[in-house]
Amino acid sequence: MKPIQVGLLGIGTVGSGTFNVLQRNQEEIQRRAGRGIEITMVADLDVARAQSIVGPNVKVVNDARAVIANPEIDIVIELIGGYGIAKALVMEAIAAGKHVVTANKALLAVHGTEIFAAASAKGVMVAFEAAVAGGIPIIKALREGLTANRIQWIAGIINGTTNFILSEMRDKGLDFDVVLKEAQRLGYAEADPTFDIEGVDAAHKATLMSAIAFGIPVQFDKAYVEGITKLGAVDIRYAEQLGYRIKLLGITKRTDKGVELRVHPSLVPAKRLIANVEGAMNAVVVHGDAVGTTLYYGKGAGSEPTASAVIADLVDITRLHTADPLHRVPHLAFQPDAMSDVAVLPMSEVVTSYYLRLRVADEAGVLAQVTGLLAGAGVSIDAVLQREADEVGGEGATSTDLIILTHETREGTMNDVIAQMQGLPSVLAPITRIRKEELN
Ligand code: HSE
C-alpha cells in the first residue's frame with residue numbers, strides 16, 4: 001500500500017527529531033502501522049535550513065498553506081506553537097479534511113473545544129500526545145489504558161524547566177534568580193521563561209489531562225495558576241527538615257462539589273516516588289478507583305522524546321483513518337454527547353493542607369496568638385517548627401521563623417486566617433503559604 005503522506009509545519013527541535021526517528025525506525029514503524037509513514041512536504045520560514053535537515057527528496061516550502069492545500073497530504077503535523085497562526089492553520093487543515101497531530105498544549109487548552117468540534121464535524125482526528133509530558137504516553141494511558149476507571153485525581157510534575165530549577169535550588173541551596181540564570185545559560189530555560197516559571201505551561205497540560213480524566217470541556221480560563229518565582233531557598237530547607245520536598249504540581253481532582261484544577265508549588269512527602277523526580281524529568285501520578293495509584297515517568301521535552309509521542313499519534317491515525325469516525329477513540333476520551341458540565345471549582349473552594357512560614361517577634365505569647373487564630377477558624381495543626389532566634393538571625397536576634405503545617409481546610413478559610421495573622425503586630429513580614437499534598 002502507498003505510504004501515508006505527512007506534511008510538517010515547522011521543523012525546529014521536535015520537527016527534526018520526528019523526521020529523524022521516522023527515518024531511522026521506518027521499518028519497525030511500518031510493521032506496527034501496517035503501512036509506511038512518510039514526511040513528504042515541510043513548511044518552514046527558513047527553507048534552506050529545513051532542506052538541509054530533510055535532504056533533497058522532501059519538498060520544502062515557506063508557505064504552510066501550500067502543505068494544507070496539497071491533496072496528497074493525509075496528515076498535517078503542527079509544530080509552530082502559540083495561538084495565532086497555528087490556530088488558523090489547524091482549523092484550515094481540518095476544513096481541508098486532513099488529520100492533525102500537534103504538540104501545541106497552549107492552543108488546545110484554550111481553543112480545544114472549538115478545534116475538537118470542528119474535527120468531529122469533519123470526521124478527522126486531532127491527536128496531541130506530545131502536548132503533555134513530552135515522551136510520556138500519558139494521554140494514551142488516561143484515555144485508553146485507564147478507561148475502566150473512575151479517575152479520582154491526577155498530580156504531575158509536567159514542566160521540566162521548573163523541576164530543574166527546584167532541584168538545583170534544593171541541591172545547592174541557591175535562590176530562584178541565581179538558578180534561573182544558570183538554567184538559561186545551560187539551555188534548560190528559555191530566554192523568555194515566563195510560561196514555564198509562572199506555571200502557565202503546566203496549567204495548559206493540567207487542563208488537557210483534566211478534560212480527558214473527567215470528560216469535561218477544556219477550561220484553561222478556570223485553572224488556578226501560580227508559579228515558582230516567589231519560592232525561597234529557605235522554604236525548601238524547612239520543608240526538607242519536616243520530611244517534604246517542594247515540587248511544582250499540576251493537580252486535578254474530582255470532588256463532591258466539582259473539579260479542582262490548579263498549578264502551584266506543593267510540599268510532597270519526601271518518601272513519595274514523585275518527590276524524587278529530579279532535574280528536567282516529568283512524572284504524572286494518576287489515581288483510579290479500580291487500578292489504584294499509577295505513576296508515569298520520563299522526559300517531558302526534547303527532540304526525540306517528543307518525536308516519540310508525535311510518531312505514536314501518526315501510527316494511531318494511520319491505523320484508524322479508514323475506520324468509521326464514530327468508532328474511533330474520542331478526542332477527549334468521552335463521547336462528545338456524553339461530556340459532563342460539572343464545574344471547575346474556584347480556588348477558594350479547594351480543600352488542601354498548608355505550610356505556613358511566619359517571621360515573628362521572639363517574645364512571649366506569639367505562638368499562642370497565631371495558633372489561637374487557627375483554632376478559631378477550625379484549622380487543625382499538624383506540625384510546628386520554631387527555630388531558636390539566633391539560629392535564624394544570628395546571635396542576639398529578636399525575631400524568628402515559625403513554621404506551621406496544617407491539616408486540610410478550605411482555601412477560603414485559610415485566606416481569612418492568613419489575613420488575620422498578618423494583622424498581628426508580632427508578625428513582622430509577609431506570611432509565606434505553600435500548599436501541601438500528601439498524594440496517598
Ligand atoms: N517548556 C516545557 C518544559 C517543555 O519545561 O517542560 C514543553 O512543554
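When a ligand or atom number is given, it counts from 1 through the structure's own listing order.
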Any idea which protein heavy atom is nearest [atom], and the distance to it?
atom: atom 5 (O) of ligand 1; result: Thr161 OG1, 2.5 Å
atom: atom 7 (C) of ligand 1; result: Lys105 NZ, 3.3 Å
atom: atom 6 (O) of ligand 1; result: Gly160 N, 2.7 Å
atom: atom 1 (N) of ligand 1; result: Asp196 OD1, 3.0 Å

Could you check whether the rings of His99 and His321 sit parallel, tilted or perpendicular, using 30° and 60° as the cut-offs?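 It falls in the perpendicular class, over 60°.
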
Parallel, tilted or perpendicular: rings of His204 and Tyr83 (30°, 60°): perpendicular

Just by distance, with hydrogens left out, do Thr352 and Tyr354 show a side-chain donor and acceptor under 3.5 Å apart?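 Absent: no donor and acceptor within the cut-off.
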
Just let me know how Asp201 lines up against ligand 1, side chain, backbone, both or neither, with a heavy-atom cut-off below 4.0 Å. side chain

Does an N or O from [X], backbone or side chain, lie closer than 3.5 Å to an N or O of ligand 1?
X: Asn282; result: no
X: Ala301; result: no
X: Glu190; result: no

Of the non-hydrogen atoms in His407 and Asp382, which two are nearest, and what is the gap between them?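 Minimum heavy-atom separation between His407 and Asp382: CE1-OD1, 3.4 Å.
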
Between Glu437 and Lys247, is there a salt bridge with N-O shorter than 4.0 Å? no

Can you tell whether the side chains of Arg435 and Glu226 come within less than 4.0 Å, N to carboxylate O?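 Yes, Arg435 and Glu226 are salt-bridged.
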
